[in-house]
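When reading the values below, keep in mind they use all heavy atoms of this one structure, side chains included, and skip hydrogens, waters and symmetry mates.
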Amino acid sequence: EVQLVESGGGLVQAGGSLRLSCAASGFTFDDYAIGWFRQAPGKGREGVSCISSSDGSTYYADSVKGRFTISSDNAKNTVYLQMNSLKPEDTAVYFCAADRYYSDYVCIVGMDYWGKGTLVTVSS
């Protein structure tokens, strides 16, 4: 069974940094796209960043370009999201997600498998 477990969320001041981790199991890690989505209070789910675990291709939402960096450690079946220069509008539950195929499209609209999320709160 595909399982995705997020960690690393918490409370941080504006301008600070956090690193989220997504530990994956139950599938062939290097055949999948792994990504991060977020859902802010009262809003829908938004694609943040994705990576192809096979070739390292990446996608970033315009709102996070230059501030967030996605990376993968295939030996550990783990994907990271380094979040720098955090803003209050980054406050959201961040979900790790996976899909059988990598494309910018699935990084924007959704993926097949989902974690339960980790809360990031950025204070003013």
4.5 Å side-chain heavy-atom contact, E6 and F95: yes
Could you list the donor-acceptor pairs under 3.5 angstrom formed between side-chain atoms of residues 113-124 and any protein atom two or more places apart in sequence or on another chain?
residue	atom	partner	partner atom	Å
W114	NE1	M111	O	3.0
T118	OG1	G9	N	3.2

Please check: side-chain N/O of D99 versus main-chain N/O of D112, any donor-acceptor pairing under 3.5 Å? yes
Taking the six-membered ring for Trp and the single ring otherwise, decide whether the centroids of Y32 and F27 are under 6.0 Å apart. yes
Please check if L20 and V48 belong to a single hydrophobic cluster, counting links between Ile, Leu, Val, Met, Phe, Trp and Tyr side chain heavy atoms closer than 4.5 Å. yes
Under 3.5 Å, is there a donor-acceptor pair between the side chain of S49 and the main chain of Y59? yes
Would you kindly confirm whether V79 and Y60 end up in one hydrophobic cluster when ILVMFWY residues are joined by side chain heavy atoms under 4.5 Å apart? yes
Y102/C107 under side-chain contact (heavy atoms from CB on, under 4.5 Å): CA gap, chis, key distance, verdict: CA-CA 8 Å; Y102 176 85; C107 296; 3.8 Å; yes
Taking the side chain as C-beta and beyond, is there a heavy-atom pair between S17 and Q82 under 4.5 Å? yes
Co-membership, hydrophobic cluster, residues Y80 and L86, 4.5 Å side-chain: no
Roughly how far apart are F68 CZ and N84 CG, rounded to 0.5 Å? 8.5 Å
N-O pairing of K65 and D62 below 4.0 Å: yes
Group every Ile, Leu, Val, Met, Phe, Trp and Tyr by side-chain heavy-atom contacts under 4.5 Å, then state whether I51 and M83 land in the same group. yes
Short question: side chain of T78, backbone of K76 - any donor-acceptor pair under 3.5 Å? yes
Note, S53 side chain near N74 side chain (heavy atom, < 4.5 Å): yes
In the single-linkage hydrophobic clustering (I, L, V, M, F, W, Y; side-chain heavy atoms under 4.5 Å), do L18 and W36 co-cluster? yes
Drop me the distance from S25's OG to Q3's CD, to the nearest 0.5 angstrom. 4.5 Å
Check for a donor-acceptor pair, side chain of R38 on one end and backbone N or O of E46 on the other, with a separation under 3.5 Å. no
Q13 atom CD, over 12 foreign heavy atoms within 6.0 Å: no
Which pair of heavy atoms, one from A61 and one from G47, lies closest together, and at what distance? CB-O, 3.4 Å
Could you pull out the closest heavy-atom pair between I34 and C22, with the gap in Å? CG2-SG, 4.5 Å
Quick one: pull up OG in S72 and CG in L81 and give me the separation to the nearest 0.5 Å. 12.5 Å
May I have the step-by-step check of side-chain contact (heavy atoms from CB on, under 4.5 Å) for Y101 and V106, ending in yes or no? CA-CA 8 Å; Y101 304 101; V106 301; 5.9 Å; no
